[in-house]
2 protein chains.
Amino acid sequence: MADRPRRIPEATVARLPVYLRSLLQLAGEKTGTISSERLAEMAGVNAAKVRKDLSYLGSYGTRGVGYDVEYLLFQMSRELGLTQDWPVVIVGIGNMGQALANYPGFTSRGFPIAALVDADASKVGHEVHGKRVRHIDELPDIAAEQHIAIGIIATPAHAAQDVADRLLAAGVTSILNFAPAVINVPATASLRKVDLAVELQILSFYQQQRDNEGDGAAAPAPSADAAG
Amino acid sequence: MADRPRRIPEATVARLPVYLRSLLQLAGEKTGTISSERLAEMAGVNAAKVRKDLSYLGSYGTRGVGYDVEYLLFQMSRELGLTQDWPVVIVGIGNMGQALANYPGFTSRGFPIAALVDADASKVGHEVHGKRVRHIDELPDIAAEQHIAIGIIATPAHAAQDVADRLLAAGVTSILNFAPAVINVPATASLRKVDLAVELQILSFYQQQRDNEGDGAAAPAPSADAAG
DNA sequence: GTCAGGTCGTGCACGTGTTCACAATCAAGT
DNA sequence: ACTTGATTGTGAACACGTGCACGACCTGAC
């Protein structure tokens with residue numbers, strides 16, 4: 001089998017889910033084929049980038065026609081590992097953890113919330129979103145029983161590294177960190193972070209630049225694509 | 001005045017808030033000076049990057065010694081526009097919007113939640129986090145009265161672009177989008193996005209790659225720094 | 001069969017970001 | 001004053017990501 005020499009750039013991987021969302025919408029509208037130009041418009045990027053990104057998956061387009069929506073959807077889902085469900089565990093059931101537990105977008109997109117855990121004994125036993133909160137010490141058992149590979153950290157900053165270590169020890173090698181703290185994981189694991197305060201501070205920087213316009217040159221268009 | 005030829009790269013801007021957080025911690029521990037190497041460790045990057053990033057702010061370090069924590073803290077806060085508060089408006093008071101409204105990290109870091117708005121009349125008038133929810137039609141008045149420059153979109157996807165347009169029309173030129181949708185803003189505005197499903201799908205991709213290890217080469221360490 | 005219109009796949013050039021390596025500088029000890 | 005050890009600031013090389021431009025290819029009409 002001629003295995004293509006695939007190694008998808010990180011920037012491309014980060015955009016694939018956005019294309020996927022556009023394709024799902026198109027499939028719902030019974031659109032048969034889509035050109036790179038239209039898909040680019042939907043995804044908020046330019047057409048050349050779409051073509052290059054998709055070319056990493058293979059040559060799934062037809063010159064003069066475009067891409068078959070259903071076929072591309074399937075190939076992209078397969079590439080992203082979305083032909084299976086990925087149960088997730090949420091650690092830290094405070095404001096943010098509860099909101100995440102109630103967020104319908106996870107389950108509907110193939111990431112069912114399999115477990116909620118917290119270190120606070122007063123929270124254990126409570127029900128959130130129909131799930132009973134369990135103690136974090138049970139993490140190894142929970143992860144093994146439910147085959148959990150992805151963990152979401154929604155604890156205060158000071159607990160984040162310890163939770164990450166516990167997740168890793170329990171075999172959870174993909175981590176999404178909401179806590180406002182830097183955490184370290186070995187190269188054999190994946191880590192992505194979402195830090196709300198950081199996002200606002202970045203916006204603040206550019207906002208201030210615009211407010212101060214009139215000094216030197218105008219602000220150099222910081223807008224558009226960012227935190228993916 | 002010799003104005004330095006500053007134009008801070010986007011990648012650097014995205015890291016400044018992380019340095020800032022580390023500096024705040026150091027200041028709390030009464031640390032007087034910090035080397036680029038230790039700061040790099042705290043921020044999860046390498047020392048050369050720290051020095052280059054900080055050099056865009058000016059030459060605030062002392063060779064052989066390091067950086068004065070308090071002084072650097074001040075300069076960085078100034079650069080990020082954090083010497084003033086930035087009141088924010090949250091649009092869409094569902095699960096996520098409520099959680100964001102209750103999140104203490106915003107106010108404590110200089111982003112007080114000045115207003116909550118929703119298009120759903122049944123939500124208007126309710127109190128969330130001590131704030132009354134107001135109707136989105138009042139947005140222009142609210143933004144003007146409270147000098148709001150930053151808006152957070154926490155609506156369903158289908159409403160996101162319309163809300164963004166309304167925010168812009170009300171003079172809000174910095175937008176943080178939580179809705180799972182691509183939205184367009186003019187180059188005179190800033191947009192950052194946080195998409196939870198996208199983050200999980202990226203993790204899923206690399207997780208699958210690790211699960212399939214043993215085929216070709218090992219997974220090329222996708223971990224660490226990402227979504228800022 | 002040929003032509004016209006349309007769209008993909010990709011080589012190439014460019015810009016941005018990262019890392020190395022080292023001169024420049026400072027503090028402290030003698 | 002000199003030496004030693006530490007640390008910054010930055011030039012230069014390298015890696016990565018982006019966008020243009022164009023050849024390759026497909027479809028449909030006549």
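Letters go in sequence order (proteins before strands), and every chain restarts at 1. Any value given below was found using the heavy atoms of this structure, including those in side chains, with hydrogens, waters and symmetry copies removed.
Between B:S35 and D:dT7, a side-chain N or O to OP1/OP2 separation shorter than 4.0 Å is absent. Applying the 4.0 Å criterion to OP1 and OP2 of C:dT7, one finds that A:S36 has every side-chain N and O outside that range.
When distances are taken from the side chain of A:S55 to each of C:dT18, D:dT10, C:dG9, the shortest belongs to C:dG9. For A:R51, whose side chain is taken as the heavy atoms from C-beta onward, the closest listed nucleotide among C:dT18, C:dG17, C:dG9 is C:dG9. With C:dT19, D:dT8, D:dG17 as the candidates, the nucleotide lying closest to the side chain of A:E10 is D:dG17. Proximity note for A:Y67 (side chain, C-beta onward) versus D:dG19, D:dT8, C:dG9: the nearest is C:dG9. Comparing D:dG19, C:dT7, D:dA12 by their closest approach to the side chain of B:K52 singles out D:dA12. Closest approach to the B:A11 side chain among C:dG9, D:dG19, C:dG17 is made by C:dG17 (side chain taken as heavy atoms from C-beta onward).
With respect to B:K49 and B:D53, no salt bridge is recorded, no charged nitrogen being found less than 4.0 Å from a carboxylate O.
Rounded to a whole Å, the NZ atom of A:K49 is 14 Å from the C1' atom of C:dC14. In this structure, A:L39 atom CG and C:dC8 atom C1' are separated by 13 Å, rounded to whole Å. One can place OH of A:Y56 at 10 Å from P of C:dG11, the figure rounded to the nearest angstrom. A straight line from CZ of A:R38 to P of C:dT7 spans 11 Å, rounded to a whole angstrom. In this entry the distance linking CD of A:E37 with P of D:dA21 reads 15 Å, nearest Å. Between the C1' atom of D:dA21 and the CG atom of A:N46 lies a distance of 13 Å, rounded to the nearest Å. At whole-Å resolution of the value, CZ in B:R7 and C1' in C:dG17 are 11 Å apart. Computed from coordinates, the A:D53 CG to D:dG17 P distance equals 10 Å when rounded to whole Å.
Nearest approach of A:A143 to A:A170, heavy atoms of both residues: CB-O, 3.6 Å.
Judged purely by atom type and a 3.5 angstrom limit, A:E70 has no side-chain atom pairing as donor or acceptor with the backbone of A:A27.
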Go through the steps for A:R210 and B:S174 under the test side chain to side chain donor-acceptor pair (under 3.5 Å), then give the verdict. CA-CA 10 Å; A:R210 282 195 298 277; B:S174 294; 3.0 Å; yes

Test side chain to side chain donor-acceptor pair (under 3.5 Å) on B:R78 and B:T83; report intermediate values, then the result. CA-CA 6 Å; B:R78 192 177 52 81; B:T83 52; over 6 Å; no

I'd like to know whether A:Q207 forms a side chain to side chain donor-acceptor pair (under 3.5 Å) with B:T173, so could you lay out the CA-CA distance, the side-chain angles of the two residues, the decisive distance to 0.1 Å, and finally the verdict. CA-CA 7 Å; A:Q207 180 69 39; B:T173 51; 2.9 Å; yes

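Close placement of the A:Y71 and A:Y60 rings is indicated, their centers lying within 6.0 Å of each other.
Within 4.0 Å of A:R15, counting heavy atoms only, lie sugar-phosphate atoms of the nucleic acid but no base atom.
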Show the distances under 3.5 angstrom between N or O atoms of the protein and N or O atoms of nucleotides 23-27 of chain C.
| residue | atom | partner | partner atom | Å |
| --- | --- | --- | --- | --- |
| C:dA24 | N3 | B:R63 | NE | 2.9 |
| C:dC26 | O4' | B:R63 | O | 3.1 |

